Amino acid sequence: MPVSVKTYAGVEEAARALSASRSARFFGGGTLVMRALNEGTQAFDTVIRVTDPALRQVKPEGDRLTIGAGVTMAAVLANRDLAFLHPVARSIGGPAVRTMATIGGNLFAACPYGDFTVALLALDGAVTIAGGGRALNLDDFLKVRDREPRVIVTSVTITRPRDAQAFRFHKVSRIKPKGISVLSIAAHLPQSGGRVNNARVAYGAMGPTPLRVTGVERALEGRSLDASGIAPALAAATERLDPPTDALASSWYRREVAPVHLRRLLLNQAG
Amino acid sequence: MARTPIEFRHNGRDQAIFVEEGSNLLDVLRRGVGDFAPKYGCGQGTCGCCTVLVDGEPHLSCLTLAETVAGRSIETTSGLGKGVELHPLQQAFMDNFAAQCGYCTPGMLMAAKSLLDHNPSPSRQEVVEAIAGNICRCTGYEPIIAAVLDASSRMSGRRSA
Ligand SMILES: Cc1cc2nc3c(=O)[nH]c(=O)nc-3n(C[C@H](O)[C@H](O)[C@H](O)COP(=O)(O)OP(=O)(O)OC[C@H]3O[C@@H](n4cnc5c(N)ncnc54)[C@H](O)[C@@H]3O)c2cc1C
Ligand code: FES
Ligand code: FES
């Protein structure tokens, strides 16, 4: 199918063009959009690009950090301010995928993709949309991300973890070093006086989009991160989840292994 | 179908070419420029045999929208050697039997070149990470890893000489 490529200097103009057409897609790094084009997709016939360098900026703002939607995994790895996200970026694809793949595109990547988004969820991510005014909570955004009309995400703002121990990420895959997720887990576990305070825990590949596990978060509140402290959180590990079955793992398998990996993450034994 | 003119550097030479909108860089290189070094394996980003360098960084040319390389510099395996003189990576691939059918080799060489350009003395683990996006059905990877490490020590020998 013939495709037309429209390139805009500014995000606002591009957002208007995108919302005016049902057959247009925004083009981030293109790793998934080009795949679809190479396969002869009928889902869209117009590709919308933005060249504005603002989309590729990273801005620290007190204890929060704003990451442009066009920042690539390789750019994350090259940025010292984002050191806590390096293990997350490094877990995505191989080097050539990482030079292209953006964090904006990761928000829309279908399951089992979306590992970076799992980390952003655990870090209290808020999404800014072109022409959209106030930022939206990432968990609310993910519930409506596939709806029309399509929008352009300009950046995601996250909490900077208080210390290196507070943020943890673990991706389970069958192939190393490059493999797709059986599941991934990210947790932000700030502690005061040895007790967890304001835990946020998110999973990838355990549902149609990356998701927060609020039952686990509640069960961790005020507890210590030892075998008995985390027991209630493990009991809630897969509550109300309906993990997918795909070529990598069955729903049953994901449900069985999620508490095992959650335990390792919480006890800092994930390897 | 609309055709868009684009210009880029290809192995150090200027190229000006018309591309079909939405086409990928791999098609443009093979059909437009006539550089058959980068190979088509999957068109999905999973095999890595189409790997080229864009401004020195590894890209999967099958997933690169041609329009995005306007004004940038592309390197492929065709540009590695100088005439009959092979690049040390190519020589090391030969000496270590790192190519069997050879289909993955152009992508492996570019992934390896990108590694050595950034990190001239990589560890074995760093080599493994660098070629993690490149699939080889023949060699079992060991000869490729050995070749990259070998090229690294030959090149550092040349630098210190
Ligand atoms: C070989 C291979 C391995 C991979 N491995 C992984 C992996 O391990 N983990 C993982 O999570 N992913 C993986 N991916 C999937 C993908 O590369 C990543 O999810 C990547 O982050 C997607 O970003 P992109 O910029 O390439 O997206 P694009 O292809 O540009 O876009 C993807 C979707 O998001 C939309 N979009 C992109 N940016 C925006 C924006 N700013 N606003 C609104 N909509 C937007 C597009 O319209 C499109 O629908 C892999 C892909 C390949 C090819
Ligand atoms: S052809 Fe590009 S990765 Fe396979
Ligand atoms: S040598 Fe045949 S695929 Fe690598």
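Computed from a predicted structure; not experimentally measured. In what follows, chains carry the letters A, B, and so on, assigned in the order in which the sequence lines appear, proteins first and then strands, with residues in each chain numbered from 1.
Side chain of A:T245 to backbone of A:S251: a donor-acceptor contact under 3.5 angstrom is found. In this structure, the side chain of B:Q90 engages the main chain of B:H87 through a donor-acceptor pair within 3.5 Å.
Ranked by heavy-atom pairs under 4.5 Å with chain B, the first of A:L37, A:T31, A:V47 is A:T31.
Residue pairs meeting the salt bridge (Lys or Arg N to Asp or Glu O under 4.0 Å) criterion with at least one member in residues 13-35 of chain A: none, sequence neighbours excluded.
You'll find the side chain of A:R168 stays beyond 4.5 Å of the side chain of A:F84, heavy atoms only.
In this structure, A:R174 is positioned above the aromatic face of A:Y253, its NZ or CZ under 6.0 Å from the six-membered ring centre and within 45° of the axis.
In summary, A:R150 and A:E148 engage in a salt bridge, as defined by a charged side-chain N under 4.0 Å from a carboxylate O.
Considering all non-hydrogen atoms of both residues, B:P122 and B:L149 come closest at O-CD2, 3.6 Å.
Contact annotation for residues 98-118 of chain A against chain B (heavy-atom separation below 4.5 Å, listed by residue number): A:T99, A:M100. Contacts between residues 128-135 of chain B and chain A, defined by a heavy-atom separation under 4.5 Å, are made by B:V128, B:E129, B:A130, B:A132, B:G133.
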Show every donor-acceptor pair shorter than 3.5 Å between a side-chain atom in residues 61-69 of chain B and any protein atom, with sequence neighbours excluded, or say none if there are none.
{"residue": "B:S61", "atom": "OG", "partner": "B:C50", "partner atom": "O", "Å": "2.7"}
{"residue": "B:T64", "atom": "OG1", "partner": "B:L60", "partner atom": "O", "Å": "2.8"}
{"residue": "B:T68", "atom": "OG1", "partner": "B:L65", "partner atom": "O", "Å": "2.6"}

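Using a 4.5 Å cut-off between heavy atoms, B:S114 makes no contact with chain A at all.
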